[in-house]
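In this text, all values refer to a predicted model and were calculated from it rather than measured experimentally. Order of listing sets the numbers, starting from 1, for every ligand and every atom in it.
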Amino acid sequence: MSIFSFDEEIGKLTVNGSCAVIDSEDDGFEQENSGVLWHKNLLSENPRSEIGSSHLAAPSSSPLNIVNGRRRSSVYDKMSVVTPPNTRRLMLPSNEANSDNSSFCSPSTLKKHGLRVLEDFRPIRVLGRGAYGKVLLVKDSHTSRLYAMKQLKKAEILIHEESDTSPNKEEALEKRLERTFAERTILSELEHPNIVKLFYTFHDHHKLYLVLQFIPGGELFYHLKEQGVLDEDTVTFYAAEISSALKFLHSKGIVYRDLKPENCLLDERGHLVLTDFGLSKKSAKNSNTATDNLLNPGEAVDTLYSIIGTPEYCAPEILEGKPYTQNCDWYSLGCLVYDMLTGKPPYTGVNHKVILNKIMKDKTPKIPTYFSEGMKDFLGSLLKKDVTKRWDVDRLWNTDGPKPKKKKAGQAKTTSFQSHFVFRKIDWAKLETGEVQKCTTGPILPIITNWELAENFDTEFTEMRLDSETENNCINIQRLIRPGDAQVFQGFSYVASTSYLERHF
Ligand SMILES: Nc1ncnc2c1ncn2[C@@H]1O[C@H](COP(=O)(O)OP(=O)(O)OP(=O)(O)O)[C@@H](O)[C@H]1O
């Protein structure tokens, strides 16, 4: 199905491609005054901001970082970026193409065309917050089903830092737009038991909305904070579920690029679900082909160049600004496994340069001597800074043919990732068909007495008032969005197929 079909259909119904502007009462749940973006509040309340005012001035592109304990936000384009040769450019509209900012339609028009609108959902509480907006627990007013609604503020995506005088402003904007569409486009094409499901997307004057499956067990980050460290069996179970999701993504030509505990959620049975595909990248090679047109086993997706991700979990080749492939995700898996076992990733630092220096100084990461021999071997193979010596897991992956022999602990060479000693208790065949996820429980069973309470999410979010934005230091959105800017979000709206919706409810 064409990913841009809905808005394009509606576009045809309008005169000169313009639709009615949504009334001010159709704004988001937050009861913001129409057209107002609350900057000071966004900054002071953002729990991920540790940092000084220069970072705070630009939430959309800042390396927002830890404040409470270990929480880290992803880094976008703050660091220098070499333009990827295969980046698909979004066409920015010319000013005369649309001079009234009205690339979206009224709720009644959207409804008529089977699209969802904000008023279909009742907000219940805040689940989390990221660089561009909040994630809310919402209830469908028609069906009473619960969803996680990710809201992205258009102005945050469109505006530039006033201090940014670089000639590449337009290019940076294109990249932000591309990433915004990437999450919606990539998720709408995927179905895997360890990847969050996307049901609907739509947009109004101020925001873009992604209506996702609500994963009630909270972030792995939250459970790590509660438990400190996890035992090897628990960690290898999660590593197997993440690997299955990563291998699936790579086979579709997608690099995830943002593996970290904050993006790993636990479902009601304690199985791991990857969320936040805002930094994922689909290979240009097969972006115009059917989604089931797989790359050959082990074939690399296009080489990428953007420095992106969360530095503590980033592969050295990304931090160095070198070209990289999907193999970067396997290095990040090594960092995450190390983090779950020890309480922190192998290299930490205030920015990517500090982390890179530490990686370069070290011959190999310091793997604690108390780890089992199998785990030392596993981590040593994933955390190789030289990508040519690192495990090429996509090539080593093996579920076909006879069951591979399990390797002994400490055996460095393995012919199959799945047959490594650390995975000796994993039933890969059942994991990959989704039977494990459907019929068994994971090692940590989240306590859920009432799904609407979102008990496994940080109270700093769940106790946040839904209308917490205050009127201080507001910036009028109309001054920030230039005529024609809003047009760039055309094509964002989406409804999953009926069979997909039925399969997951
Ligand atoms: N489907 C979901 N179910 C439950 N909670 C969710 C879901 N999606 C996101 N969240 C919560 O909201 C938080 C922020 O979501 P997400 O990481 O997608 O936002 P983001 O803006 O991309 O963040 P970042 O700036 O860190 O990249 C998550 O860490 C999680 O706690």
Side-chain angles (χ1 to χ4, degrees), residues 42 46-51 55 58-78 121 123-139 145-153 156-157 176 179-180 182-184 186-187 190 194-201 207-225 256-268 271-280 308-314 446 448 451-462 464 504:
L42 174 78
N46 190 333
R48 304 183 182 201
S49 319
E50 61 170 357
I51 40 186
H55 288 139
S60 62
S61 58
S62 299
L64 298 176
N65 224 306
I66 322 165
V67 63
N68 293 334
R70 320 159 17 124
R71 187 176 292 275
R72 294 172 192 91
S73 208
S74 315
V75 172
Y76 294 85
D77 44 8
K78 195 72 183 173
F121 302 94
I124 296 180
R125 60 191 80 248
V126 180
L127 296 170
R129 194 161 202 169
Y132 292 111
K134 286 179 191 162
V135 177
L136 302 184
L137 173 62
V138 297
K139 190 182 236 177
R145 284 174 186 150
L146 294 174
Y147 296 97
M149 177 185 274
K150 183 163 173 171
Q151 303 189 338
L152 309 172
K153 290 180 180 173
E156 294 290 347
I157 297 162
R176 288 201 297 277
R179 283 167 200 155
T180 304
E183 180 158 34
R184 161 242 184 276
I186 287 172
L187 279 178
L190 300 178
N194 300 107
I195 293 176
V196 73
K197 285 159 190 74
L198 176 70
F199 299 118
Y200 312 103
T201 58
K207 293 178 183 173
L208 303 162
Y209 305 90
L210 292 109
V211 181
L212 300 153
Q213 172 190 18
F214 169 47
I215 312 293
E219 296 173 14
L220 181 59
F221 168 81
Y222 173 85
H223 296 280
L224 269 177
K225 230 170 39 174
Y256 181 55
R257 300 202 290 190
D258 203 13
L259 189 59
K260 57 178 174 177
E262 292 88 330
N263 288 342
C264 297
L265 303 179
L266 293 188
D267 71 12
E268 63 279 19
H271 291 283
L272 197 140
V273 179
L274 281 187
T275 183
D276 193 359
F277 281 67
L279 297 191
S280 300
I308 202 166
T310 305
E312 286 85 346
Y313 301 87
C314 251
I448 305 168
W451 283 47
E452 292 191 19
L453 295 178
E455 294 143 304
N456 294 289
F457 291 80
D458 242 312
T459 49
E460 69 182 284
F461 298 116
T462 55
M464 210 179 247
H504 298 293

Out of all atoms in ligand 1, which are within 4.0 Å of some heavy atom of [X]? Include the element for each.
{"X": "Gly130", "answer": "20 (P), 21 (O), 23 (O), 25 (O)"}
{"X": "Asn263", "answer": "17 (O)"}
{"X": "Phe457", "answer": "4 (C), 5 (N), 31 (O)"}
{"X": "Ile215", "answer": "1 (N), 3 (N), 4 (C)"}
{"X": "Val196", "answer": "1 (N)"}

Out of [options], whose heavy atom is nearest to [atom]?
{"atom": "atom 20 (P) of ligand 1", "options": "Lys150, Arg129, Met149, Glu156", "result": "Lys150"}
{"atom": "atom 2 (C) of ligand 1", "options": "Pro216, Ala148, Gly128", "result": "Ala148"}
{"atom": "atom 6 (C) of ligand 1", "options": "Leu265, Leu266, Thr275", "result": "Leu265"}
{"atom": "atom 1 (N) of ligand 1", "options": "Gln213, Lys260, Glu262, Lys197", "result": "Gln213"}

- Item | Pair Gln151-Lys134, side-chain donor/acceptor within less than 3.5 Å | no
- For Cys264, the option from Thr275, Val273, Leu274 that meets side chain to side chain contact (heavy atoms under 4.5 Å, CB included): Leu274
- Nearest non-hydrogen partners of Phe277 and Ile195, listed with the distance: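 Minimum heavy-atom separation between Phe277 and Ile195: CZ-CG2, 3.7 Å.
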- Note on the structure: Scanning both residues in full, the closest heavy-atom pair of Pro261 with Glu219 reads O-CB, 4.2 Å
- Message: Any salt bridge linking Lys150 with Asp276? Criterion: basic side-chain nitrogen under 4.0 Å from a carboxylate oxygen.
- Response: yes
- Going by an N to O cut-off under 4.0 Å, is there a salt bridge joining Lys139 and Glu452? yes
- Message: At under 4.0 Å between heavy atoms, is it the side chain or the backbone of Val135 that contacts ligand 1, or both, or neither?
- Response: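 Contact part for Val135 vs ligand 1: side chain (C-beta onward).
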- Answer with yes or no whether Phe461 contacts ligand 1, where contact means a heavy atom under 4.0 Å from a ligand atom. no
- Just by distance, do the side chain of Arg179 and the backbone of Leu279 share a donor-acceptor pair under 3.5 Å?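 No.
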- Query: In terms of the angle between their ring planes, are Tyr147 and Phe121 parallel, tilted or perpendicular, with boundaries placed at 30° and 60°?
  - Reply: perpendicular
